[in-house]
Amino acid sequence: MKSDNVKKGMQQAPHRSLFNALGFTKEELDRPLVGVVSSYSEIVPGHMNLDKITEAVKMGVAMAGGTPIVVPAIAVCDGIAMGHVGMKYSLVTRELIADSTECLAKAHQFDALVMIPNCDKNVPGLLMAAARINVPTIFVSGGPMLAGRVDGCKRSLSSMFEAVGAYEAGKMTEEKVEEYVSNVCPTCGSCSGMYTANSMNCMTEVIGLGLQGNGTIPAVYSERIRLAKHAGMRVMDLYRNNIRPSDIMTKEAFLNCLTVDMALGCSTNTMLHLPAIAHEAGIELNMDIANEISEKTPNLCHLAPAGPTYMEDLNAAGGVYAVMNELSKKGLLYEDAITVTGKTVGENIAHVYNKNPEVIRPIDNPYMEHGGIAVLRGNLAPDTGIVKQSAVVPEMMVHEGPARVFDCEEDAIAAIKGGKIVPGDVVVIRYEGPKGGPGMREMLNPTSAIAGMGLGDSVALITDGRFSGASRGASIGHVSPEAAVGGPIALVEEGDIIKIDIPNNSLNVDISDEEMAARKAKWQPREPKIKDGYLLRYAALVTSGNRGAVLDVNQLK
């Protein structure tokens with residue numbers, strides 16, 4: 001046992017005295033030590049139930065012969081952090097979560113790990129840590145929130161943000177907004193649509209580190225508690241068979257993730273997180289492959305914000321495995337990949353069927369013949385731009401319009417709410433990338449304001465920042481290289497004509513190469529927006545969005 005390094009022999013007598021101080025018995029120390037990494041907190045709605053999940057995991061571990069030991073992981077609620085300086089501290093926690101979990105696991109020599117995340121950065125951060133630490137590991141998340149209801153219709157957090165835009169446009173009363181406040185987020189759990197948290201929790205099932213239902217069983221269902229107990233028991237089987245993340249997180253597993261991502265219509269943030277997780281697993285996940293996969297993968301789900309269905313509906317329809325079963329009918333998955341169940345992907349999904357073809361379209365009747373996410377390139381985005389095309393209205397799939405240029409999110413929001421953005425415009429928000437933000441803020445407030453003011457079918461938004469999974473419309477993020485390093489988005493001027501062609505994967509500004517070069521010659525780097533603390537160190541090390549915004553010590557050279 002790895003934990004013998006802190007338990008066995010005369011040299012470890014001082015260590016045993018400290019375990020004694022913690023109340024551990026000899027019988028407990030004779031068993032494998034299982035780190036239970038809990039993201040429980042009282043500030044994140046998706047995490048307020050993780051204390052119950054944690055206790056259930058501990059029971060499962062103990063029943064199966066291990067000694068569970070709870071350690072913490074931090075969490076930021078993206079919704080509460082949205083629209084102010086707090087959003088600069090969201091993406092950056094992914095690295096903190098990975099680093100701190102690595103520190104705790106290696107310092108205390110855990111034999112196995114159970115990861116208990118739920119919201120946006122905890123899932124990818126703990127997946128990155130799992131790849132790094134590489135001891136037997138399983139994931140069990142807190143589960144999604146149930147959808148709210150207003151006027152008899154299902155609603156979610158994206159509805160709430162859009163209600164604010166409708167109020168600013170004079171289309172909704174303050175009383176109605178308050179009705180939304182009281183009803184759109186009715187339970188604990190990760191927000192109820194196919195936003196980033198739920199997208200990544202679904203990916204834990206696809207990549208093979210979560211049990212069936214981990215991405216979709218609602219937080220308030222007792223089935224979630226049973227799942228947690230089974231996860232605790234299952235990690236001991238992984239330990240006894242020495243099945244580690246490196247055995248599961250293969251290139252084929254990541255390609256499966258991209259395929260199911262396209263079918264589900266996941267958040268664009270998966271295009272940041274999957275490359276970062278793959279990087280930790282020693283696998284290069286080039287975004288060029290995304291369009292290749294998208295071309296052959298039909299989009300089968302239109303969950304909120306793309307459509308009227310929610311995570312609870314996906315769960316009732318058969319969940320992620322049912323989607324995978326549909327994809328398997330056309331041989332789109334690597335079915336021999338192993339998983340924490342002890343079975344292959346093919347074995348896991350063989351007997352799961354689609355219970356609701358209105359929620360999960362059959363493979364021969366998809367929403368779109370191609371996937372939910374597209375990677376765009378052109379002279380405005382030489383590396384990448386990312387769009388959730390499944391949430392774009394048909395009339396905006398090809399769009400041409402004048403650039404309305406803003407150097408921060410706040411200025412753009414003021415212009416949108418002030419009625420200064422008109423149909424046909426292309427809003428450009430720059431210096432919000434990983435370095436320039438720093439922290440690559442989500443742009444849910446401006447996209448929601450555009451939608452709420454009735455401009456969603458006539459105005460596009462382009463940024464070197466990123467979007468919440470709750471964003472919809474012609475919202476193109478992750479534009480790389482970012483403005484802070486002199487990328488072309490930094491050179492766009494007010495009134496330049498922007499040409500968007502999503503079907504042909506292109507994003508261009510209508511100026512000549514000579515004019516672009518002349519502007520580049522005049523460009524000067526901006527003073528950093530943050531000059532102290534963690535964000536200063538982060539900005540010095542972080543790479544571009546097309547690389548997953550991973551940290552690279554070579555950035556210091």
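This chain uses plain numbering: 1 for the first residue, then up along the sequence. The structure displayed is predicted, hence computed values, not measured ones.
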**Item:** Lys388 side chain to Ser475 side chain, donor-acceptor N/O pair below 3.5 angstrom
**Value:** no
**Message:** Please report the interatomic distance CD(Glu95) to CD1(Ile97), rounded to the nearest 0.5 Å.
**Reply:** 9.0 Å
**Message:** Between Lys8 and Asp30, is the salt bridge (charged side-chain N to carboxylate O under 4.0 Å, His left out) condition met? List the steps.
**Reply:** CA-CA 9 Å; Lys8 301 291 185 181; Asp30 285 339; 3.1 Å; yes
**Any donor-acceptor N or O pair under 3.5 Å, side chains Thr259, Tyr334** = no
**Asked** Roughly how far apart are His273 NE2 and Thr196 OG1, rounded to 0.5 Å?
**Response** 6.0 Å
**Prompt:** Are Lys329 and Glu326 close enough, and set up right, to give a salt bridge (charged side-chain N to carboxylate O under 4.0 Å, His left out), and what steps lead you there?
**Reply:** CA-CA 5 Å; Lys329 294 174 183 177; Glu326 290 289 345; 3.3 Å; yes
**Request:** Report yes if some heavy atom in the side chain of Thr341 is under 4.5 Å from a heavy atom in the side chain of Glu347; otherwise report no.
**Result:** no
**Asked** Does Gln12 CD have over 12 foreign heavy atoms under 6.0 Å away?
**Response** yes
**Asked** At what distance, to the nearest 0.5 angstrom, does CE of Met200 lie from CZ of Phe139?
**Response** 9.0 Å
**Item:** Sub-4.5 Å side-chain heavy-atom contact between Ile248 and Ile338
**Value:** yes
**Message:** How about NE2 on His230, more than 12 heavy atoms from neighbouring residues, nucleotides or ligands closer than 6.0 Å, or not?
**Reply:** no
**Request:** Show your reasoning for whether side-chain contact (heavy atoms from CB on, under 4.5 Å) applies to Val542 and Leu91.
**Result:** CA-CA 11 Å; Val542 72; Leu91 178 62; over 6 Å; no
**Over all atoms of both residues, closest heavy-atom pair of Cys188 and Met48** = CB-CG, 3.4 Å
**Asked** Checking Lys58 side chain against Pro68 main chain: does a donor-acceptor pair fall under 3.5 Å?
**Response** no
**Prompt:** Where is the tightest heavy-atom contact between Ser192 and Ser156, given as atom of each residue plus distance?
**Reply:** OG-CB, 3.2 Å
**Message:** For Cys185 and Leu157: C-alpha separation, side-chain torsions, deciding distance, then whether side-chain contact (heavy atoms from CB on, under 4.5 Å) applies.
**Reply:** CA-CA 7 Å; Cys185 296; Leu157 185 65; 4.1 Å; yes
**Prompt:** So how far is it from Asn356 CG to Asn315 CG, rounded to the nearest 0.5 Å?
**Reply:** 12.0 Å
**Request:** Please test Asp78 against Lys121 for salt bridge (charged side-chain N to carboxylate O under 4.0 Å, His left out), starting from the C-alpha separation and ending with a verdict.
**Result:** CA-CA 9 Å; Asp78 278 23; Lys121 309 310 166 302; 2.7 Å; yes
**Prompt:** So Ser38 and Thr54, side-chain hydrogen bond (donor to acceptor under 3.5 Å, both in side chains) or not? Walk me through it.
**Reply:** CA-CA 7 Å; Ser38 173; Thr54 299; 3.0 Å; yes
**Residue Lys343 excluded, over 12 heavy atoms near NZ under 6.0 Å** = no
**Prompt:** Okay, side chain of Asn49, backbone of Gly142: is any donor-acceptor separation there less than 3.5 Å?
**Reply:** yes
**Prompt:** For Arg466, which of Glu442, His478, Glu432 qualifies under side chain to side chain donor-acceptor pair (under 3.5 Å)?
**Reply:** Glu442
**Asked** Which atom names give the shortest non-hydrogen contact between Val135 and Phe110, and what distance separates them?
**Response** CG1-O, 4.0 Å
**Prompt:** Of Arg132, Arg537, Lys106, which meets salt bridge (charged side-chain N to carboxylate O under 4.0 Å, His left out) against Asp99?
**Reply:** Arg132
**Message:** A quick test of your reading: do over 12 heavy atoms of other residues, nucleotides or ligands sit less than 6.0 Å from CG of Leu536?
**Reply:** yes
**Flag for Asn348-Thr339: side-chain donor and acceptor within less than 3.5 Å** = yes
**Prompt:** Is the side chain of Asn299 donor-acceptor paired with the backbone N or O of Ala263 at a distance under 3.5 Å, no angle test?
**Reply:** yes
**Asked** Roughly how far apart are Lys435 NZ and Leu535 CG, rounded to 0.5 Å?
**Response** 12.5 Å
**Prompt:** Is there side-chain contact between Ser328 and Ile349, with at least one heavy-atom pair below 4.5 Å?
**Reply:** yes
**Message:** Given 3.5 Å as the limit, does a donor-acceptor pair link the side chain of Gln109 with the main chain of Asn5, or not?
**Reply:** no
**Prompt:** Is the backbone of Ser468 close enough, under 3.5 Å, to the side chain of Asn269 for a donor and an acceptor to pair up by distance?
**Reply:** no
**Item:** Donor-acceptor pair between Asn214 and Thr204 side chains, under 3.5 angstrom
**Value:** yes
**Fill in**
Rounding to 0.5 Å, atoms CE (Met287) and CG (Asn546) come to a distance of 9.0 Å
**Prompt:** Looking at side-chain heavy atoms only, is the closest gap between Met194 and Cys202 below 4.5 Å?
**Reply:** yes
**Prompt:** Got more than 12 heavy atoms from elsewhere within 6.0 Å of NE2, His108?
**Reply:** no
**Asked** So among Met203, Met249, Met115, which one has a side-chain contact (heavy atoms from CB on, under 4.5 Å) with Leu209?
**Response** Met249
**Item:** Donor-acceptor contact below 3.5 Å, side chain Arg244 vs main chain Ala130
**Value:** no
**Prompt:** Looking at Gln212, Glu223, Met311, which hits side-chain contact (heavy atoms from CB on, under 4.5 Å) with Ile217?
**Reply:** Glu223
**Message:** So Thr384 and Met271, do their side chains get closer than 4.5 Å, heavy atoms only?
**Reply:** no
**Message:** Would Ser141 and Asn201 count as a side-chain hydrogen bond (donor to acceptor under 3.5 Å, both in side chains) here? Give the steps.
**Reply:** CA-CA 7 Å; Ser141 304; Asn201 280 322; 2.6 Å; yes
**Asked** Would you say the side-chain atoms of Asn325 pair up with the backbone N or O of Val352, donor to acceptor, closer than 3.5 Å?
**Response** yes
**Prompt:** Considering residues, nucleotides and ligands other than Met1, do more than 12 of their heavy atoms fall under 6.0 Å from its CE?
**Reply:** yes
**Prompt:** Is a side-chain N or O of Thr297 found less than 3.5 angstrom from the main chain of Ser294, in a donor-acceptor match?
**Reply:** no
**Request:** Report the C-alpha separation of Val340 and Leu211 in whole Å, then their side-chain angles, then the decisive distance to 0.1 Å, and conclude whether the side-chain contact (heavy atoms from CB on, under 4.5 Å) test is met.
**Result:** CA-CA 7 Å; Val340 291; Leu211 297 175; 4.1 Å; yes
**Asked** Nearest heavy-atom pair of Ala539 and Pro438: which atoms, and what distance?
**Response** CB-CB, 3.9 Å
**Prompt:** Minimum heavy-atom separation for Ile373 to Thr268, with atom names?
**Reply:** CD1-CA, 4.1 Å
**Prompt:** When you measure from the side chain of Thr543 to the backbone N and O of Val550, does any donor-acceptor pair fall under 3.5 Å?
**Reply:** yes
**Asked** So which heavy atom on Pro362 is nearest to which on Asn354, and how close?
**Response** N-ND2, 4.2 Å
**Request:** Check the pair Lys229, Ile225 against side-chain contact (heavy atoms from CB on, under 4.5 Å), reporting the backbone distance first and the verdict last.
**Result:** CA-CA 6 Å; Lys229 292 176 183 176; Ile225 300 296; 4.0 Å; yes
**Prompt:** Are any side-chain N or O atoms of Glu205 and backbone N or O atoms of Gly213, one a donor and one an acceptor, separated by less than 3.5 Å?
**Reply:** yes
**Request:** Measure the shortest side-chain to side-chain distance between Arg472 and Ser158 over non-hydrogen atoms and say whether it is less than 4.5 angstrom.
**Result:** no
